[in-house]
Amino acid sequence: MESALSASLATLLERFRAGQRTALARAISVVEDERAGFEDLLHELLGAGPRARRVGLTGPPGAGKSSILASLATAYRAAGEDVGVVAVDPTSPFSGGALLGDRIRMNDLATDPGIFIRSMATRGSLGGLATTSREVVDLMDVFGLSRILVETVGVGQTELDITAVADTVVVVLVPESGDAIQTMKAGLMEIADIFVVNKADRPGADRLMTDIRMAVHLRTGEAPREGSGHHGVDLTAATRKRADVPARQQGQDGVTPGAPAWQIPVIKTIAQRGEGSDKLLAAVDAHRAHLEESGELQARRRRRAERRIHEVVERELKRRAWSHAGVQRLVEAGLDPVSRGDATPYSVARAIVAELLGRG
Ligand SMILES: Nc1nc2c(ncn2[C@@H]2O[C@H](COP(=O)(O)OP(=O)(O)OP(=O)(O)O)[C@@H](O)[C@H]2O)c(=O)[nH]1
Ligand SMILES: [Mg+2]
């Protein structure tokens, strides 16, 4: 990848490095819109590596994720930290301002210069976080925001993607969001580092707490109050490995042998009144300490790095393929034969790949 930045991006880079918030906003737009040179800009900026503490909040629509996020953000701000907030809305590409607009409790935060809020849409209802959304989180990180909070609605595959940006995943459930078995089916069980049962002022919260504890127990195969074996070295990992469980949940690479396993806490909150948020703050910090002590933080970062490398290579290969003159000719020449049945997409594709690899 060449690194000759255009003059305007070079200026942007300077302003970003000088810590100007407007430069962060602009860099995010450049990346989101995949404007010319955006990867060179990322290359220049991301050399600093991840430092922020990243927390992802996911769960069903209306569970109280934004309310909880606001209480976390408020606490971090009170402690003098710079906070980044990314809210991902999978349903509507037009809801850019939703988080700020109709969420009154976020308004105080929105005018605080120590907090940087960005709302973005996913690509399609099942698209999950776009690659560039992950890169936006990286930008906030290298800009120096020390806490980054990411909110996604847990629908389809979206919640699984939260593991691609967050170190700690908080799954927010409410009594009316269904039983714990449904949660397991939705894939939320596998990704949770911390469970929150919000709207504890409503009936059914204690029942849900019990159900979640049982479900955690079923999944990890250990008694609810003992070390869960969910993270870290898991002696029975071999029998539990499942293709649909993210590798980071399977207790492998880089984890310090003998490190204590993480016991998934289940925390009751009434986010509206801020009840339980102190417990959640403590759990987030405890999980962070666990990540660092067990080696799991490094393991998660390695897995993120692998995923990111794959994504960037795929993006680059696609771009090169479809802008390659020889490839365009082969596509054009293949259309009639394939539509007539004289050739197949596979023979054409093989010729295209050979052309691309210089063996044409
Ligand atoms: N009764 C009750 N209502 C709550 C509680 N926490 C949040 N709410 C309300 O639930 C509604 C949804 O809260 P949000 O924080 O916007 O939930 P969300 O999960 O971010 O919602 P989406 O982003 O739309 O999926 C709001 O009207 C809140 O005031 C709670 O503990 N008890
Ligand atoms: Mg919300």
Side-chain angles (χ1 to χ4, degrees), residues 54-76 83-110 115-122 124-129 133 136-137 147-162 165-166 168-178 182-183 186-188 191-192 194-209 212 265-281 283-284:
R54 300 155 168 230
V55 176
L57 293 137
T58 191
K65 301 177 295 293
S66 296
S67 311
I68 290 167
L69 188 153
S71 64
L72 291 177
T74 305
Y76 294 142
V83 179
V85 172
V86 178
V88 183
D89 184 342
T91 50
S92 165
F94 306 111
S95 66
L99 181 87
L100 304 179
D102 49 59
R103 305 276 187 257
I104 292 152
R105 71 202 143 275
M106 292 297 283
N107 283 357
D108 290 344
L109 294 172
I115 182 161
F116 193 97
I117 303 177
R118 193 77 177 200
S119 165
M120 52 186 65
T122 52
S125 58
L126 292 176
L129 286 168
S133 308
V136 164
V137 175
R147 300 267 182 177
I148 299 176
L149 306 171
V150 183
E151 173 185 341
T152 66
V153 177
V155 174
Q157 290 297 302
T158 316
E159 74 276 16
L160 297 178
D161 264 320
I162 195 82
V165 292
T168 297
V169 175
V170 178
V171 172
V172 182
L173 298 173
V174 280
E176 46 277 272
S177 64
Q182 270 177 292
T183 307
L188 291 170
I191 62 166
I194 297 169
F195 274 108
V196 165
V197 172
N198 188 40
K199 304 197 184 179
D201 52 323
R202 297 213 174 142
D206 288 324
R207 175 66 208 274
L208 180 60
M209 300 273 293
I212 294 170
V266 185
I267 297 165
K268 201 151 82 164
T269 60
I270 304 175
Q272 250 179 345
R273 298 187 220 145
E275 278 178 38
S277 73
D278 48 342
K279 287 205 182 75
L280 177 58
L281 282 162
V284 167

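Start at 1 and go down the list; that is how both ligands and their atoms are numbered. Counting from 1, the numbers follow the sequence of the chain as shown.
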Problem set entry | Interatomic distance, F195 atom CZ to T269 atom OG1 [nearest 0.5 angstrom] |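 If we round to the nearest 0.5 Å, F195:CZ and T269:OG1 are 13.5 Å apart.
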
Exercise. Say you draw a straight line from OG of S277 to CD1 of I68; how long is it, rounded to the nearest 0.5 Å?
Worked result: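 CD1 of I68 is found 9.0 Å from OG of S277.
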
For this session: With heavy atoms of S67 as the reference, note each atom of ligand 1 found under 4.0 Å away.
Result: 7 (C), 13 (O), 14 (P), 15 (O)

Problem set entry | Atom indices of ligand 1, in the order listed, that fall short of 4.0 Å to a heavy atom of R202 |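 Selected atoms, number and element: 1 (N).
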
Exercise. If you measure from atom 4 (C) of ligand 1 to every heavy atom of E275, K65, K199, which option wins on shortest distance?
Worked result: K199

Checking [X] side chain against [Y] main chain: does a donor-acceptor pair fall under 3.5 Å?
| X | Y | value |
| --- | --- | --- |
| N198 | A63 | yes |
| R54 | V165 | yes |
| K65 | P60 | yes |
| T58 | T152 | yes |

For this session: Specify whether an N/O/S atom of S67 falls short of 2.8 Å from the Mg ion (ligand 2).
Result: no

Exercise. By atom name, which N, O or S atom of E151 is the nearest to the Mg ion (ligand 2)?
Worked result: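 Checking each N, O and S atom of E151, the shortest distance to the Mg ion (ligand 2) belongs to OE2.
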
N/O separation below 3.5 Å, [X] to ligand 1:
| X | answer |
| --- | --- |
| I270 | no |
| P61 | no |
| T269 | no |
| G64 | yes |

Exercise. Strictly under 4.0 Å, does any heavy atom of E151 approach an atom of ligand 1?
Worked result: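 For ligand 1, residue contact (heavy atoms, under 4.0 Å) with E151 is present.
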
Exercise. Of the options V83, L149, V55, V86, which is the one that meets L69 in a side chain to side chain contact (heavy atoms under 4.5 Å, CB included)?
Worked result: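 Result: among V83, L149, V55, V86, L149 is the only option passing the side chain to side chain contact (heavy atoms under 4.5 Å, CB included) with L69.
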
